[in-house]
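Sharing a structure with you now.
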Amino acid sequence: MNSAQIRKLFPILDQEVNGHPLVYLDSAASSQKPISVIEAVKQYYEHDNANVHRGVHTLGSRATDAYEGAREKVARFINAKRTEEIIFTRGTTTALNLVASSYARLNCQEGDEIVITPMEHHSNLIPWQQAAKATGATLKYIPLQPDGTILLSDVEQIITDRTKVVSMTYVSNVLGVVNPVKQVAEIAHRHGAVMVVDGAQSTPHMKVDVQDLDCDFYAFSGHKMCGPTGIGVLYGKKSLLNNMEPIEFGGEMIDEVGLYESTWKEIPYRFEGGTPIIAGAVGLGAAIDFLEEIGMDEIERHEHQLTAYAMERLSEIEGITIYGPQKRAGLVTFNLGDVHPHDVATVLDAQGIAIRAGHHCCQPLMRWLEASSTARASLYLYNTEEDVDRLVKGLIQTKEYFGYAIG
Ligand SMILES: Cc1ncc(COP(=O)(O)O)c(C=O)c1O
């Protein structure tokens, strides 16, 4: 199936926006959903909806099977060793907060170090700031090279025997940098630290194997990979999860409750307090089926090709600044002369083209780029060269609109 055929499986893309056929270039913020995912959620609500793990009735069993079946699919998808290593969360943000609030607060103390990079999304930065403040640990940053990449020689220097946690995005949502997380995990382990990977921008676009990466925790969101909003995943190694305390307490996560003391269920349930995100998990399972049917290698190949095309075409526009390295994942962050990115996005929207403008939840990185904000076009399996051509044409019109010379 080519991208034009794949596009037809996404009903939302078949519409006009402001009188023009929609070009959706904001999948890094949230992807669109194929009909199979929409149908799976509908089917669940129309036929199987009930609460899980408690009911003895048929619908309760079906809902439980659907929910636990989704967990098995996720485990297979990222090659986790065990299904119980998959915790359903609301998304990447909740997953990373769980590690920072539970693992880091239990295992860090004054004198210890938490190591991250300045390219992190706020979701992988603020939880560590807070954990450092709460424990007295020091937050340290691996410096960025001029193109936004990191050097393993710097990683070797920054990580020490005092480092307890290293956390890093696999793919930057601004620069498109693909970080060498496997090698960083190896360095972290040599010093007795755990490796946390923010997989929000990698999981939707490439084959991920958590055993091969040998990361200790890995977080991602369903809504960026064709699944519904409100569902995400924290993968954690069993030996670590088993020694962590829950951070949310209530129904579903307990074993025995007394008036003054309680005990918790085994993993993963102890981290899933309250009625879980059942329909979301079902939708995520359907999204995984969809992505696997197309093939993660094929998705990566398509995006690689389309990104090279986008980089080439966009570089031709006079006055454009593109941020990040040449070798990158499927997104291009840029500024167009002195035109404010919000104005760029607004003029493009009038032509039916959806891109993102702002700080992309990366304020420290924006400061490093010396830009208050940027525009970002992000690609996915349903985007085509025609979409890129429309973007380029739209940007040239934007320049005309704001009175710049046409490149
Ligand atoms: C790299 C990265 N990490 C974390 C997140 C947070 O994801 P969510 O908002 O789904 O929790 C995002 C979202 O854009 C992201 O791009």
Side-chain angles (χ1 to χ4, degrees), residues 24-33 37 74 78 87-101 116-130 142 144 148-150 166-181 184 195-206 208 213 215 217-235 247-248 271 277 280-281 283-284 287 303 323-324 328-333 354-366 368-369 373-380:
Y24 188 75
L25 297 170
D26 195 20
S27 298
S30 199
S31 75
Q32 297 303 349
K33 325 298 172 199
V37 169
V74 171
I78 60 168
I87 299 163
F88 282 125
T89 67
R90 251 185 346 100
T92 309
T93 305
T94 327
L96 292 167
N97 271 280
L98 173 51
V99 186
S101 298
I116 62 174
T117 81
M119 78 175 85
E120 302 310 319
H121 187 281
H122 295 161
S123 297
N124 196 31
L125 195 153
I126 307 168
W128 304 113
Q129 272 181 357
Q130 294 299 109
I142 298 163
L144 302 184
T149 55
I150 57 166
V166 180
S167 190
M168 189 179 288
T169 194
Y170 200 166
V171 172
S172 159
N173 62 311
V174 172
L175 304 168
V177 167
V178 183
N179 280 317
V181 291
V184 178
M195 179 73 194
V196 185
V197 177
D198 173 351
Q201 298 294 347
S202 46
T203 323
H205 305 281
M206 58 171 81
V208 169
L213 294 177
C215 54
F217 297 100
Y218 186 95
F220 60 99
S221 301
H223 70 96
K224 294 185 197 287
M225 50 184 283
C226 298
T229 49
I231 184 78
V233 170
L234 174 67
Y235 156 82
I247 58 166
E248 285 188 331
F271 299 110
I277 314 146
L284 177 58
E303 287 180 23
Y323 301 98
R328 60 172 62 214
L331 57 91
V332 186
T333 295
I355 64 153
R356 193 90 171 160
H359 55 61
H360 314 289
C361 298
C362 286
Q363 288 185 11
L365 181 60
M366 290 296 124
W368 182 83
L369 291 172
S373 59
T374 60
R376 179 187 70 193
S378 52
L379 307 164
Y380 207 11

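First listed ligand is number 1; within each ligand, the first listed atom is number 1. These numbers were taken from a predicted model, which means no experiment stands behind them.
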With heavy atoms of Thr169 as the reference, note each atom of ligand 1 found under 4.0 Å away.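 The list of qualifying atoms is 1 (C).
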Taking the side chain as everything from C-beta on, heavy atoms only, tell me whether Leu175 gets closer than 4.5 Å to Thr333.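 A side-chain contact is absent here, since even the closest heavy-atom pair is not under 4.5 Å.
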For atom 4 (C) of ligand 1, what is the nearest protein heavy atom, given as residue, atom name and distance?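 The protein heavy atom lying closest is Asp198 OD2, 3.4 Å.
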Quick check: does any side chain N or O of Ser221 sit under 3.5 Å from a backbone N or O of His223, one acting as donor and the other as acceptor?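 Answer holds: no.
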In ligand 1, which numbered atoms sit nearer than 4.0 Å to a non-hydrogen atom of Ala200?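 Those qualifying, in numeric order: 2 (C), 3 (N), 4 (C), 5 (C), 12 (C), 15 (C).
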Show the atoms of ligand 1 that are less than 4.0 angstrom away from any heavy atom in Ser221.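 Those of ligand 1 that fall under 4.0 Å from Ser221 are 7 (O), 8 (P), 10 (O), 11 (O).
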Just to confirm my output: which protein heavy-atom neighbour is closest to atom 16 (O) of ligand 1, and how far is it?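 Ranking protein heavy atoms by distance from atom 16 (O) of ligand 1, first comes Gln201 NE2, 2.7 Å.
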Student check: side-chain heavy atoms of His360 and Met366 closer than 4.5 Å: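 Heavy-atom side-chain distance check passes, below 4.5 Å.
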Ser378 side chain vs Ser27 backbone, donor-acceptor pair below 3.5 Å: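 At least one qualifying donor-acceptor pair exists.
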Using distance alone, determine whether Ser123 and ligand 1 share an N or O pair under 3.5 Å.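 Min N/O separation from ligand 1 is not below 3.5 Å for Ser123.
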For Lys224 and Ser31, indicate whether the former's side chain and the latter's backbone hold a donor-acceptor pair under 3.5 Å.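 Looks like no, no N/O pair under 3.5 Å.
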Using distance alone, determine whether His223 and ligand 1 share an N or O pair under 3.5 Å.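 Looking only at distances, the answer is yes, because the N/O contact criterion of under 3.5 Å is met.
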Check each atom of ligand 1 against the heavy atoms of Lys224 and keep those under 4.0 Å away; list them by number with element.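 It comes down to these atoms of ligand 1: 7 (O), 12 (C), 13 (C), 14 (O).
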Thr149 vs Leu144 side-chain heavy atoms within contact, under 4.5 Å: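 SC-SC contact between Thr149 and Leu144 ruled out.
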Return the closest protein heavy atom for atom 15 (C) of ligand 1 as residue, atom name and distance.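 It is His121 CD2, 3.3 Å.
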Ring centres under 6.0 Å, that's the criterion: do His359 and His122 meet it?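 Here the rings of His122 and His359 have centres that are less than 6.0 Å from each other.
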Give yes if a backbone or side-chain nitrogen or oxygen of Thr93 is under 3.5 Å from a nitrogen or oxygen of ligand 1, and no if not.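 N/O-N/O distance under 3.5 Å: yes.
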